[in-house]
Amino acid sequence: MALAPNSSMPDEVRCSFTLREGAYKLATRHEFSKPMRNIPAYSQTTTGYQPTNQVAAVNPHVRVSSVIIPSSNSVTLLCYNFGKEIHVCSQSSLKQSSDGSRILDKRFYKGTSPTCHDFNSTGACMDGVLLAIGFSAGQIQLIDPIRKDYTKLYNEDRLIEKTRVTCIKWVPESSNQFLVSYESGKMYIYNEELTCVKGGASSFQTFKSGEGYSVYTCKTKSTRNPLYKWDLGESCINEFEFSPCAQYLAVVTRDGLLRVFNYNEMEVIGIGKSYFGSLLCLAWSPDSKFVAVGGEDDPITIWSMSERKIVARGQGHKSWVAALAFDPYITAFDSEYPIGSDSVDDNVDSKLKTETNGKFGTWYRLGSVGQDAQICMWDLMEDTLKHPISKRVSVLVTQSANSTVSSTSGSSNSKSSFSRVTNLFSKETTPSDTSDLTLSQRLSYLTLSDRKKEDKYKKGPALQRDRNTSARSVNFEDLIAIGSVHCPRLNERPLLEPLICKKVALERLTSIQFLEDCFIQSCQDDILYVWQRPRRLVNGATEIREGTMV
C-alpha cells in the first residue's frame with residue numbers, strides 16, 4: 001500500500017551509505033522553484049490517503065533521461081521535468097552551478113504538463129540531438145535543445161489519442177522512429193519525418209493480432225503517422241522499455257501484467273503477473289537476460305528470458321516501487337568474486353564453490369526507489385536465478401564482514417557481500433498464524449480452493465478485451481492465477497534481500513538513473529539527488545567524490 005507523505009517513519013534521512021566498492025555521499029542541497037508546492041499531494045478519505053486530482057493534473061512524476069554526446073570530451077546531457085517545465089542541462093553544470101544559471105534549455109508549457117521524455121542517442125552529436133516529450137493531454141513534441149530552432153508537434157489536435165502519454169522511447173538503432181504509450185492502453189509508432197494522418201482511429205486496419213493484443217496499421221494511400229497502433233486492452237500502460245539487444249520490448253500495465261514482445265515479429269513471447277495491483281516500472285539487465293519489475297505489491301520481481309517465467313522476488317521496500325534500473329558499470333561477467341570485494345576463494349563453502357565451478361558467474365547490480373522514500377541496492381547472481389538453490393542447501397550471504405554460508409554439510413565464514421538469498425523451496429505448509437505477514441505473503445499461501453474464493457485477486461476489468469473491438473477476447477485466468485508459473489507463490493521462488501535499504505528523502509522518489517561516475521534520483525518534491533561513485537585507489541584507500549543535490 002502507498003504511504004501518506006506525512007506518515008511518521010522512524011528512519012532518518014541518510015546522506016551517505018556504503019557498499020563493497022566504497023562510500024556514496026550526498027553533499028549540499030538545492031531545490032528548484034515549485035509553484036504548486038502549496039497543493040497537498042494526498043487527501044485523507046474513508047479508505048485512506050489518495051492522490052489529489054490537482055496533483056495528478058499539474059504535477060506529474062518527475063522523470064530523468066540522459067544521453068551521452070560523443071566528442072573528444074564526452075558530454076552527458078540530462079533532461080528532467082518539474083510541473084509544467086522541462087529543463088535540459090549538462091551533467092557537469094549540476095556541480096558548477098546550483099542556481100540553474102547553466103541550464104542549456106528551459107521551457108514552460110501552458111494548459112498541459114510534460115509527463116515523459118527521451119533523447120535519441122542514435123545520431124546524437126555536438127551539433128544537435130533530438131528530444132521527444134510526451135504530455136498529459138496526449139500531444140507529442142520533438143525539440144533540439146542544442147540548436148533550439150527545431151520543433152515538431154504530433155497529435156496536436158488530439159484526433160489520434162486524447163489520454164495522457166505515459167511513456168515515450170526512441171526505437172533502438174533507428175534515427176527517426178519512436179514509440180509512445182498512453183493511459184488508454186494503446187501504443188503508437190511514429191516517424192519524425194512524416195506528417196500525421198487525419199481522422200484519428202477510423203483510419204486504421206488490422207495488421208496482426210495475438211493473445212490479448214492487436215496491431216493496426218495506418219490505412220492511407222501514402223505513408224503517414226502513426227505507422228502502427230498497438231492495442232493492449234483497456235488497462236493503462238505504465239511503462240515500456242526496449243532490451244539492450246534491441247530485439248525485445250517489455251511492457252507493464254495497470255492490471256499487473258508484464259508482457260515481453262519480440263518487437264520485430266510483434267509477438268508475445270512471455271508474461272508475468274503481480275500478486276495484486278498495478279506494475280509501475282521495469283528495467284532490463286545489461287545483457288538482456290532478465291527483466292526486473294516493481295509496482296503496488298511492494299516486492300521487486302525478476303523475470304527470466306531463457307526460462308520465460310518469474311525466477312525470484314525481492315522484499316525491501318515498505319511501499320510501492322516507483323522505479324528500477326540496472327547499473328551497467330557495476331555488472332560483472334564470469335567473475336571469481338564481486339567487484340570491490342576481497343577474494344573469497346578460500347572461504348566459500350565447498351559445496352557452493354563446486355556448484356559454481358569456482359566462479360560466481362554473471363552478477364548484476366540493481367537499484368530501486370519507491371514511494372517510501374527509500375533506495376534499495378540489490379546484487380543478483382545469475383547462478384541463483386538460473387539454477388535455484390536445492391532443498392538441502394540454505395544459503396545466507398549478507399553484507400557483514402563475517403557472513404555465514406550454511407549447508408547440510410556444515411557452515412563456514414565468508415567475506416563475500418552478496419545480497420541475502422533465503423531458501424524457500426521446501427514444501428512448507430501454510431502458517432497457522434498469518435497476522436504478522438504482509439498482504440503479499442498472505443496471498444502467496446493461498447491454495448487452489450482458496451483462489452476460487454479469492455477470485456477478486458485474479459480478475460480485473462482489463463483482463464478481458466472490449467467485445468466491441470475486432471480483436472478476439474482472451475481469458476488469462478488460468479495463466480495468471482496465484483500459484484501458476486506466471487505468478488508463483490513466495491515459497492516457490494528465491495526471496496532476495498537488498499544490500500542496503502535507506503531512506504534518502506522526505507518525499508516519494510520517482511526515478512533512478514545510473515551514469516558512469518554517479519547515479520541520479522528524482523523526488524516528487526522537485527529535487528534531483530546526484531550521488532557520486534567512490535573511487536578505489538591502488539593503495540586500497542577509497543577517495544569519496546562529493547555529490548550534489550539540486
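Reckoned from all heavy atoms, side chains included, excluding hydrogens, waters and symmetry mates.
- Cation-pi contact between R365 and F514: absent, since separation from the ring centre below 6.0 Å together with deviation from the ring axis within 45° is not met.
- Using a 4.5 Å heavy-atom threshold, the side chains of E267 and Y213 count as touching.
- Between the side chain of E492 and the backbone N or O of R489, at least one donor-acceptor pair lies under 3.5 Å.
- Of all heavy-atom pairs spanning L131 and P145, the tightest one is CB-CD, 4.3 Å.
- Remark: K229 is positioned above the aromatic ring of F204, its terminal NZ or CZ atom under 6.0 angstrom from the ring centre and at most 45 degrees off the axis.
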Assess the residue pair K273 and I271 against the criterion (side chain to side chain contact (heavy atoms under 4.5 Å, CB included)); give the C-alpha distance rounded to whole Å, side-chain angles, the decisive distance to 0.1 Å, and a yes or no. CA-CA 7 Å; K273 181 68 172 64; I271 60 173; over 6 Å; no
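- Taking every heavy atom of both residues into account, T166 and I237 meet most closely at OG1-O, 2.6 Å.
- Rounded to the nearest 0.5 Å, atoms OG1 (T115) and CD (E183) are 10.0 Å apart.
- Closest of all the heavy-atom pairs between S285 and P244 is O-CG, 3.4 Å.
- Residues E161 and T163 have side chains in contact (heavy-atom distance under 4.5 Å, counting atoms from C-beta outward).
- Under the ring-ring contact (aromatic ring centres under 6.0 Å, His included) test applied with F178, the options F119, Y154, Y188, F240 reduce to a single match, Y154.
- Taking 4.5 Å as the limit, every side-chain heavy atom of Q247 sits out of range of all side-chain heavy atoms of M305.
- Looking at N176, its side chain never comes within 3.5 Å of a backbone N or O of N191 through a donor-acceptor pair.
- At least one side-chain heavy atom of V13 sits less than 4.5 Å from a side-chain heavy atom of K503.
- Test V268, D255, L257, V251 against L232 for side chain to side chain contact (heavy atoms under 4.5 Å, CB included) and you get one pass: V251.
- Between D287 and T362, the side chains place no donor N or O within less than 3.5 Å of an acceptor N or O (distance only, hydrogens not considered).
- Contact record, Q139 with T112: OE1-OG1, 4.1 Å, taken as the closest heavy-atom pair.
- Using a 3.5 Å distance cut-off with no hydrogens or angles, the side chains of S136 and R164 do not pair a donor with an acceptor.
- At distances below 3.5 Å, not a single donor-acceptor pair connects side-chain atoms of R493 with backbone N or O atoms of P488.
- Interatomic distance, Q141 CD to K152 NZ, rounded to the nearest 0.5 Å: 12.5 Å.
- Considering all non-hydrogen atoms of both residues, A505 and C523 come closest at CB-SG, 4.4 Å.
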Please test F326 against F290 for ring pair (Phe, Tyr, Trp, His ring centres under 6.0 Å), starting from the C-alpha separation and ending with a verdict. CA-CA 10 Å; F326 281 89; F290 299 96; 8.1 Å; no
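- Proximity of N238 to R254: side-chain heavy atoms (C-beta onward) are separated by under 4.5 Å at one or more points.
- For the atom pair CZ (R158) and CZ (F135), the distance works out to 13.0 Å, reported to the nearest 0.5 Å.
- Side-chain polar atoms of S522 and T510 form a donor-acceptor pair below 3.5 angstrom.
- For the atom pair CZ of R14 and SG of C501, the computed distance is 11.5 Å after rounding to the nearest 0.5 Å.
- The minimum heavy-atom distance between H317 and S368, with the atom names listed, is NE2-OG, 2.7 Å.
- Between I310 and L258 the shortest side-chain heavy-atom distance does not fall below 4.5 Å.
- For E382 and K289, the salt-bridge test passes: some basic side-chain N is under 4.0 Å from an acidic carboxylate O.
- No side-chain heavy atom of W303 sits under 4.5 Å from any side-chain heavy atom of V293.
- Annotation: F17, atom CZ; neighbour count of heavy atoms from other residues, nucleotides and ligands within 6.0 Å is above 12.
- Looking at K318, its side chain never comes within 3.5 Å of a backbone N or O of Q374 through a donor-acceptor pair.
- In this structure, CG in L130 is found 6.0 Å from CG in L142, a value given to the nearest 0.5 Å.
- Here the side chains of K208 and T217 are not in contact, with every heavy-atom distance at 4.5 Å or above.
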